[in-house]
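The structure appears right after this line, and notes come after that.
Counting starts at 1 for both ligands and their atoms, following the listed order.
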Amino acid sequence: MAEKKQFQTESKKLLDMMINSIYTHKEIFLRELISNASDALDKLYFRSLTDTALGVNRSDLVIGIELDAAARTLRIADNGCGMTREELENNLGTIAKSGSFDFKRDNGASEDVDIIGQFGVGFYSAFMVADRITVETRAVGSSEAWRWESEGVDGYTVEPCDRALPGTLITLHLKDDTEDEKYTDYLQEFRIRELVRKYSDYIRYPIRMEVETSRPKEGSEGEYETLREVQTLNSMVPLWKKSPSEISEDEYATFYREKFYDYEKPAKTVHVRAEGLATYEALLFIPSRAPYNYYTTDYEKGLQLYSSGVMIMEKCADLLPDYFGFVRGLVDSADLSLNISREMLQHDRQLKVMAKAIEKKIRTELEKLQSSDRAAYESFFDAFGLQLKFGLYSDYGMHKDDLKELVMFRSSEVQEGQKYVTLKEYTLRMKEEQKTVYYACGETVDKIAHLPQVESVRARGYEVLYLTDDVDEFALQMLMEYDGKKFANVCTEKLDIETEQEKETVRRQNEDAGELLTHMKEALGGAVTAVRFTGTLGDHPVSLSSEGGLSVEMEKVLGKMPGAETGAAKATLVLEINASHPVADKLRALYENDKDKVADYAKILYAQARLINGLTIDNPTEISALICGLM
Ligand code: ADP
């Protein structure tokens, strides 16, 4: 007897879940095993492309299914790459897709239903229907064959066995029927045929099974004879080679989830069959959420690349621009050679043509989604909007015209049920006399909405874009204008929204208080370039604005960057005081009697303004002492 070995802990948990599964679609085990067999055939074929000594003929590669009702066994065989003893133990003793477990833990999902439905759990899913599984395998290039056997969580055995040819044979001993589950169904030919059609039809190797058929008996009219013959159960047409009209949304979604390990259906599926400069099929999916590692360097963009139905590259990065790096999918073209190397691909003219067409297709599809299903687009934008804005900003704005319709911003005037506005929406509803697109920056919509300048601009009936992402303002600056309209930061720029009379009043107020304001500026010791009365603060006493190219918000962002020295990038600040606020009267009065007090007031007002604008203060203890002194 071979010695019994233990499963790795994670595998044991997964196995236990499979064995006791209450999952209603246990039938997917067949799809999982067939897909493993197909992968094994792919691997062998791949290898044979560079190693002709293997003598592999693609047309000989097959998957076989055999049912034995008396023995209660279902067998799946392939003549693929097989496994060495070491591979057998590594692959079937440990769980390959450890990611599925992490996911489950993170999300606190309690039902096995989630993990099975969402990921497909590979080989172990066979334990949902079998109480004993035997795997006999011989690796290509090896003369040894091995038998792995397990009845579940107590472990498995591995011992030598006989196999004339490379490949793998998996025998499932089906569980006894229960009230809820008729495992015997999986011994019925029609049921297996149905499952292969449903889940594995596009597998590109024939899946063969001996079945009972009937045909007209020769020589006698109207009589039939039954006989057994081997039939191919799958059509072998890959999904993307079929006509889109023959494919249901469900089929696309299942294909996507299985192939790209997502548990949600895609936000958008794009199936392209192109002829012309380049002839290819592309099946593209826009995920509805960002993978957990999307915004990290771990994430690798790229599309699978096929040459006439045979995969030649797992992730072809050259097919996608960075800003559409979230798109998953594949491209299949007969124009590409099977043996093309990575280096050659980079310079391949066909590939460049395809990449360009794909970029354009994704862009127009996103624009369509934006106008046809706003809610779906907004949730897509929640996941990938940041990427689009980075795209607009990066490469010195090279792609800004391609992306300007796709980016959206928070705003003071969002429509009911929406979260964002597009630049087109903003500019279309601009007031006649309004020359620029107004925006303001801050951490949250709420904080921005309460900025004095924002309140004042809004009070005059203008819409303000609320830039809450660090990259937003950089993106707008890169864009420079939209539809001929420039952008103006309401906190830093002269907006020219006051009436002539208002302007005149403020001009006079500044002139009259010239000495007071200079005195205050000096009291702040160079922290600001000017102190000014203004008429655009609504009810608020003070605010900061900045002059020059660097806004207060950009100073904050740059200050947060790794390696930033304190004070390296400083906005040029102006302390603005509401000319019609009681505080202004107080300052004017104090300046007559107690100039020292004015200096203290200046410091307090400056600190307040910094806080209102979301900046920190350098001297909290001094300010606290000053305030207590006033109390
Ligand atoms: P996954 O297929 O997602 O990697 P599985 O648990 O289904 O996970 O399989 C684990 C590994 O076992 C596979 O990656 C493969 O290396 C190996 N394997 C499974 N079935 C076969 C097979 N029929 N022939 C060769 N190797 C196989």
- [ ] Answer with yes or no whether E32 contacts ligand 1, where contact means a heavy atom under 4.0 Å from a ligand atom.
- [x] no
| query | Would you say ligand 1 has an N or O under 3.5 Å from any N or O of F123? | reply | yes
**OP:** Let me see the working for D262 and R328 under salt bridge (Lys or Arg N to Asp or Glu O under 4.0 Å), right down to the final yes or no.
**Re:** CA-CA 10 Å; D262 198 349; R328 317 296 305 272; over 6 Å; no
* **K301 side-chain N/O to L320 backbone N/O, donor-acceptor pair under 3.5 Å** => yes
Practice item. Flag this pair as yes if the NZ/CZ of R257 is under 6.0 angstrom from the six-membered ring centre of Y263 and inside a 45 degree cone about the axis; otherwise no. Key: no
*asked:* Considering both backbone and side-chain atoms of D78, is one of its nitrogen or oxygen atoms within less than 3.5 Å of a nitrogen or oxygen in ligand 1?
replied: yes
For K43, the ligand 1 atoms with a heavy-atom partner under 4.0 Å come out as 16 (O)
Should R228 and E189 count as an ion pair when the cut-off is N to O under 4.0 Å? yes
Practice task
Decide whether an N or O pair under 3.5 Å exists between Y124 and ligand 1.
Solution key: no
* So is E87 close enough to ligand 1, meaning a heavy atom under 4.0 angstrom away? -> no
One finds that the ligand 1 atoms under 4.0 Å from a non-hydrogen atom of N36 are 2 (O), 5 (P), 7 (O), 9 (O), 19 (C), 20 (N)
OH/Y299: more than 12 non-hydrogen atoms of other groups inside 6.0 Å | yes
Problem - Distance-only side-chain donor-acceptor flag, D42 / Y205, under 3.5 Å - result: yes
